[in-house]
Undergrad: 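Dumping the structure here so I can ask a few things about it.
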Amino acid sequence: MPDEPIPSVADGADQAVAVANANEVAQLSDQSRGQIVQEKATCPFLGTAIATGNLAVRNDANNPVASIEDVRQLGNSGGGNLGDLLVFFARGNHAWMKGATGQLDQPAPEGLFSLELPGSQGSHPGHSAILEGDPTVPGSGRFSEADFQRLVDRARDGLVKRSAVGGFIAGNLLRDPGSKVFGLSVTGLLARDLGEFVAVTGPALMEKLTGSEESAETSHRELFEKLTKLTGEDNLVGSAGEFGLLFAFLANKPGAKKVDGEPTVSLEDLRAMFLDKRFPAGWDAWKKTTLDWVVNTTGLLMSAGKEYLRLKISDSVPS
Ligand code: HEM
């Protein structure tokens with residue numbers, strides 16, 4: 001089947017029609033779908049969900065949106081509640097779709113979110129650059145082999161420990177002079193400064209989160225609120241939150257391995273989701289939970305924070 005051309009941004013009247021019909025599932029050629037995955041949906045989960053047909057693209061290829069409820073169901077598959085958190089990200093960061101000007105300045109209709117990730121509020125300085133080129137420019141996604149390799153290099157025996165991903169995040173933040181790390185908003189909510197967080201507050205929180213059911217539940221609730229508030233304001237929390245989602249997504253995969261007491265992600269799963277746009281087999285049958293997100297995001301914040309301070313003191317920016 002010949003590929004349909006991707007229409008250019010229409011004039012105001014056509015655009016209004018596009019928004020009115022925004023909930024309709026778009027009929028896409030493989031090429032158009034591939035372009036959305038590569039250039040717009042620069043997240044290993046959303047890109048994979050679209051590529052595999054698990055998440056329907058709505059409206060049209062030039063201004064793609066998806067249903068918030070569809071994303072909730074994908075995240076809650078297997079009986080967990082991670083989807084409720086995904087709804088928060090979709091609503092909060094991706095409520096604007098392309099308007100007549102070509103900018104992300106048109107509110108997405110109720111129940112929908114925009115799949116234009118670069119250029120959105122969810123894209124930020126200090127990102128890994130694996131999938132995103134310029135976080136401020138819509139449609140600028142592409143796959144960077146070199147940046148993916150920086151993550152792969154941290155694997156041992158095919159597994160990347162959570163603290164190694166933390167080190168990767170720290171490097172990404174230091175490589176980008178525009179990134180904002182542990183500013184006033186964070187110090188007000190989490191700790192006096194990053195040093196205190198990694199040495200005192202973080203470990204105490206981890207102990208509570210992994211302690212008795214009662215203490216875990218209370219800390220989970222409190223920390224969940226703080227972290228969700230801060231993901232958009234601070235690039236360290238934002239990046240830890242994204243990779244926290246990855247760890248939460250894979251935490252209950254049958255056969256998931258720990259190394260030195262830490263959770264890991266396998267190179268096989270990283271390649272599948274970042275590069276091949278495939279989910280690991282059986283992904284929709286295991287539980288994915290917000291508690292796993294809070295625990296892993298806190299763990300990543302500590303390891304990334306430690307490495308960030310170490311590199312800052314030694315004044316080195318990793319390659
Ligand atoms: C379980 C579900 C999800 C997982 C496992 C996941 C995982 C990730 C990871 C690991 C990254 C970092 C990629 C990198 O730096 O190279 C990322 C980026 C991103 N994700 Fe997701 N994500 C999920 C759901 C979502 C949802 C529901 C949204 C919004 C609707 C979203 C929006 C984004 C955005 C905007 C970025 C790019 C941020 C940037 O690089 O600046 N993600 N995601």
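Bear in mind the structure is a predicted one, so any value in this text is a computation, not a measurement. We count ligands from 1, going down the list as the structure has it; atoms in each ligand are counted the same way.
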Undergrad: Does anything in residues 258-272 pair up under side chain to side chain donor-acceptor pair (under 3.5 Å), and if so which pairs, sequence neighbours excluded?
TA: K161-D260, S163-E262, K253-D269, S266-D269
Undergrad: Please tabulate, one line per pair, the protein N or O atoms found under 3.5 Å from any N or O atom of ligand 1, giving the distance to one decimal.
TA:
from: ligand 1; atom 1: 15 (O); to: S128; atom 2: N; distance (Å): 3.4
from: ligand 1; atom 1: 15 (O); to: S128; atom 2: OG; distance (Å): 3.0
from: ligand 1; atom 1: 16 (O); to: S128; atom 2: OG; distance (Å): 2.3
from: ligand 1; atom 1: 40 (O); to: E132; atom 2: OE1; distance (Å): 3.3
from: ligand 1; atom 1: 41 (O); to: H124; atom 2: N; distance (Å): 3.0
from: ligand 1; atom 1: 41 (O); to: E132; atom 2: OE1; distance (Å): 3.1

Undergrad: Quick one: list whatever passes side chain to side chain contact (heavy atoms under 4.5 Å, CB included) with E217, sequence neighbours left out.
TA: H220, R221
Undergrad: Is the closest basic N to carboxylate O distance between D157 and K257 below 4.0 Å?
TA: no
Undergrad: Please list, one pair per line, the donor and acceptor atoms closer than 3.5 Å that link side chains of residues 80-88 to other protein atoms, with sequence neighbours excluded.
TA:
from: N81; atom 1: OD1; to: T290; atom 2: N; distance (Å): 2.8
from: N81; atom 1: ND2; to: T290; atom 2: OG1; distance (Å): 3.3
from: D84; atom 1: OD1; to: R72; atom 2: NH1; distance (Å): 3.2
from: D84; atom 1: OD1; to: N76; atom 2: ND2; distance (Å): 3.1

Undergrad: Going through the distances and angles, do Y308 and F182 end up as a side chain to side chain contact (heavy atoms under 4.5 Å, CB included)?
TA: CA-CA 11 Å; Y308 182 87; F182 241 71; over 6 Å; no
Undergrad: Any carboxylate oxygen within less than 4.0 angstrom of a Lys/Arg side-chain nitrogen, looking at D147 and R150?
TA: yes
